[in-house]
Amino acid sequence: MNFQCKNCGGNMIFAPARQKMYCPYCEGEDTETVAGNDSLTVCASCGAEVDPGEYKSSDKCPYCGNFLVFNKRVEGEYKPDSIIPFKLDKDMAVAAMDKEFKKRLFAPISFLSEKSLEGMKGAYVPFFLYDYLAESEFSGEGTKVKRWSSGNYDYTETSYYSVERVMHASFDNIPVDASFEMDDYTMDLMEPYDYSDLMSFDPKYLSGFFGEIYNDTADKFADRAKKKAADSAEILMKKSISGYNSMKTLVDKTTLTDQKIDYALFPVWIYKYHFRGKDYNYYVNGQTGKIIGKTPVSVLKVIIYSIFSGLLFYGGIEGLLGIITGVFR
């Protein structure tokens with residue numbers, strides 16, 4: 001299916017800056033109507049044959065350029081429980097990257113150029129949100145050491161304490177991406193998301209963006225969520241044990257009980273930059289603007305910067321010759 005404007009028939013998209021459906025042709029807002037059929041292989045707009053791939057839930061037709069949402073992959077078992085809609089449009093995401101990277105003097109000139117940014121895309125990444133009840137038990141032997149001097153003698157007093165802790169904690173909505181294509185470590189760095197923006201799923205939010213269904217069942221990704229919960233429980237337990245000079249651990253265990261699992265879509269801007277035979281990937285949290293990625297270094301810029309620094313520091317042609325000699329030595 002796709003979303004057509006009632007006024008002009010144009011392809012309507014969800015506009016993050018407006019938080020509304022928007023027609024880029026007649027500038028209509030919230031004038032959408034659903035069109036098309038349930039086919040996974042035919043464009044609902046122009047009828048051309050499209051490739052939905054194994055996991056795509058929304059895509060852009062390579063022939064007419066309209067955005068498609070594949071009905072069968074947003075319904076039934078594939079219907080997300082919730083979604084965080086994009087808050088940043090492409091221009092806002094680029095502005096966030098420019099602000100982040102403009103201080104990096106040695107980034108290539110073509111980095112963030114208009115031509116390089118043509119392939120930047122917004123995508124909804126599938127996530128499972130896990131709820132756990134954690135029951136932790138700790139037993140240890142702690143010491144407190146007191147030292148003082150009196151007359152010609154130094155004294156040390158060591159007191160021993162039996163330390164017992166039992167903790168019950170609940171962890172809600174622990175996010176784990178369910179996409180094989182996305183790097184797990186990078187997606188973890190995208191956190192945190194603001195869950196106050198979680199909304200009931202509506203396929204209209206996908207129009208204008210690329211989307212995926214979960215690539216495997218929730219149990220296949222649960223180990224990552226359990227580790228996050230267990231690590232958080234350990235941190236909470238350690239915060240409750242303080243003031244000791246040393247601690248000998250006797251018992252330290254955490255038991256996690258499954259509570260609930262939700263399926264959600266989170267927004268990410270993806271920018272792939274190619275420089276000197278190497279690919280550099282950048283990710284912008286489509287809700288918060290958080291950026292993950294490192295810029296490459298332009299050797300030409302380094303040389304130019306070194307030359308001008310030499311001129312300013314040493315002065316005159318002698319400084320310039322000195323720098324050039326140093327660079328090519």
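In this chain, numbering begins with 1 at the start of the sequence shown.
- At distances below 3.5 Å, at least one donor-acceptor pair connects side-chain atoms of Arg73 with backbone N or O atoms of Lys56.
- For the 3.5 Å distance criterion, the side chains of Ser110 and Ser113 fail to qualify, holding no donor opposite an acceptor.
- Taking the six-membered ring where the residue is Trp, Phe86 and Trp269 present perpendicular rings, their angle passing 60° and hence far from 30°.
- Phe14 and Phe209 have tilted rings, their planes meeting at an angle from 30° to 60° on a 0 to 90° scale.
- Salt bridge Lys227/Asp231: present, at least one basic N to carboxylate O contact under 4.0 Å.
- Residues Pro267 and Tyr193 have side chains in contact (heavy-atom distance under 4.5 Å, counting atoms from C-beta outward).
- Closest of all the heavy-atom pairs between Gly140 and Phe138 is N-CE2, 3.8 Å.
- When all heavy atoms of Ala35 and Ala44 are compared, the closest pair comes out as O-CB, 4.1 Å.
- Separation of atoms CG (Leu189) and NZ (Lys290) is listed at 6.0 Å; rounding is to 0.5 Å.
- Once rounded to the nearest 0.5 Å, the distance linking CG of Asn7 with OG1 of Thr31 reads 5.0 Å.
- Crowding of Lys144 atom NZ: a count of heavy atoms from other residues, nucleotides or ligands under 6.0 Å exceeding 12.
- Rounding to the nearest 0.5 Å gives a distance of 11.0 Å between CZ of Phe221 and CZ of Phe127.
- Between the side chains of Asp154 and Ser149, at least one donor-acceptor pair of N or O atoms lies under 3.5 Å.
- Within a 6.0 Å radius of NZ in Lys90, more than 12 heavy atoms belonging to other residues, nucleotides or ligands are found.
- Taking a cutoff of 4.0 Å between a charged side-chain nitrogen and a carboxylate oxygen, Arg18 and Glu29 qualify as a salt bridge.
- Checking Ser139 against Glu164 by side-chain atom types alone, a donor-acceptor pair falls below 3.5 Å.
- With no hydrogens or angles considered, a side-chain donor-acceptor pair links Asp197 and Gln287 at under 3.5 Å.
- When side chains are defined from C-beta on, Glu141 counts as touching Tyr160, because their heavy atoms get closer than 4.5 Å.
- No more than 12 heavy atoms of other residues, nucleotides or ligands sit less than 6.0 Å from atom OH of Tyr185.
- Judged purely by atom type and a 3.5 angstrom limit, Ser39 uses its side chain to pair as donor or acceptor with the backbone of Thr41.
- Nearest heavy atom pair, residue Ile174 against residue Lys228, reads CG2-CD, 3.7 Å.
- Within 6.0 Å of atom CZ in Phe180, more than 12 heavy atoms from other residues, nucleotides or ligands are found, so the atom counts as buried in its surroundings.
- Under a 3.5 Å cut-off, the side chain of Tyr124 and the backbone N or O of Ile83 do not form any donor-acceptor pair.
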Side-chain donor-acceptor distances from residues 257-264 under 3.5 Å, at least two apart:
unit_1 : atom_1 : unit_2 : atom_2 : d
Lys260 : NZ     : Asp262 : OD2    : 2.8
Tyr263 : OH     : Tyr214 : N      : 3.4

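- Interatomic distance, CG of Asn215 versus NZ of Lys220, reported as 12.0 Å (0.5 Å rounding).
- No side-chain heavy atom of Glu32 sits under 4.5 Å from any side-chain heavy atom of Ser207.
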Phe266 vs Leu129, test: side-chain contact (heavy atoms from CB on, under 4.5 Å). Steps then yes/no. CA-CA 11 Å; Phe266 289 171; Leu129 307 179; 3.8 Å; yes
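- Not one N or O on the side chain of Asn2 forms a donor-acceptor pair closer than 3.5 Å with the backbone of Phe67.
- Remark: the Asp177 side chain and the Ser179 side chain contain no N/O donor-acceptor pair separated by less than 3.5 Å.
- Distance alone, capped at 3.5 Å, places no donor-acceptor pair between the Asp183 side chain and the Glu181 backbone.
- In this structure, Ser45 and Cys61 have side chains that are not in contact, with every pair of non-hydrogen atoms separated by 4.5 Å or more.
- Side-chain contact between Leu265 and Leu206 is present, with at least one heavy-atom pair separated by less than 4.5 Å.
- Atom NZ of Lys60 has 12 or fewer neighbouring heavy atoms from other residues, nucleotides or ligands inside a 6.0 Å radius.
- In this structure, the side chain of Asp30 engages the main chain of Met21 through a donor-acceptor pair within 3.5 Å.
- Of the possible donor and acceptor atoms, one in the side chain of Asp131 sits under 3.5 Å from a partner among the backbone N and O of Asn173.
- Taking every heavy atom of both residues into account, Asp89 and Pro16 meet most closely at N-CB, 3.7 Å.
- With hydrogens and angles ignored, the 3.5 Å screen pairs a side-chain donor or acceptor of Ser240 with a backbone N or O of Met237.
- Side chains of Phe3 and Val34 form a contact here, defined as non-hydrogen atoms less than 4.5 Å apart.
- Tyr244 is listed as a side-chain neighbour of Val163, based on a closest heavy-atom distance under 4.5 Å.
- For Tyr282 against Met97, the heavy-atom pair with the smallest separation is CB-CE, 3.8 Å.
- Put simply, CG on Leu236 and CD on Glu234 are 10.5 Å apart, with the number rounded to the nearest 0.5 Å.
- Checked for salt-bridge contact, Arg224 and Asp184 meet the test: a charged N lies under 4.0 Å from a carboxylate O.
- Between Ser57 and Glu212, the side chains place no donor N or O within less than 3.5 Å of an acceptor N or O (distance only, hydrogens not considered).
- Between Phe275 and Phe111, the closest side-chain pair of non-hydrogen atoms is not below 4.5 Å.
- Judged purely by atom type and a 3.5 angstrom limit, Asn285 uses its side chain to pair as donor or acceptor with the backbone of Met190.
- Of all the heavy atoms in Leu117 and Val94, the pair that sits closest is CD1-CG1, 3.8 Å.
- Surrounding CD of Glu49 are at most 12 heavy atoms belonging to other residues, nucleotides or ligands under 6.0 Å away.
- Annotation: the span from Ser116 atom OG to Tyr280 atom OH amounts to 13.0 Å, rounded to 0.5 Å.
- Around the CD atom of Glu157, the shell of radius 6.0 Å holds more than 12 heavy atoms that belong to other residues, nucleotides or ligands.
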Met1 vs Phe70, test: side-chain contact (heavy atoms from CB on, under 4.5 Å). Steps then yes/no. CA-CA 6 Å; Met1 66 175 164; Phe70 300 117; over 6 Å; no
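- Between Tyr132 and Tyr130, the ring planes lie parallel to each other; the angle is under 30°, not in the 30° to 60° tilted range.
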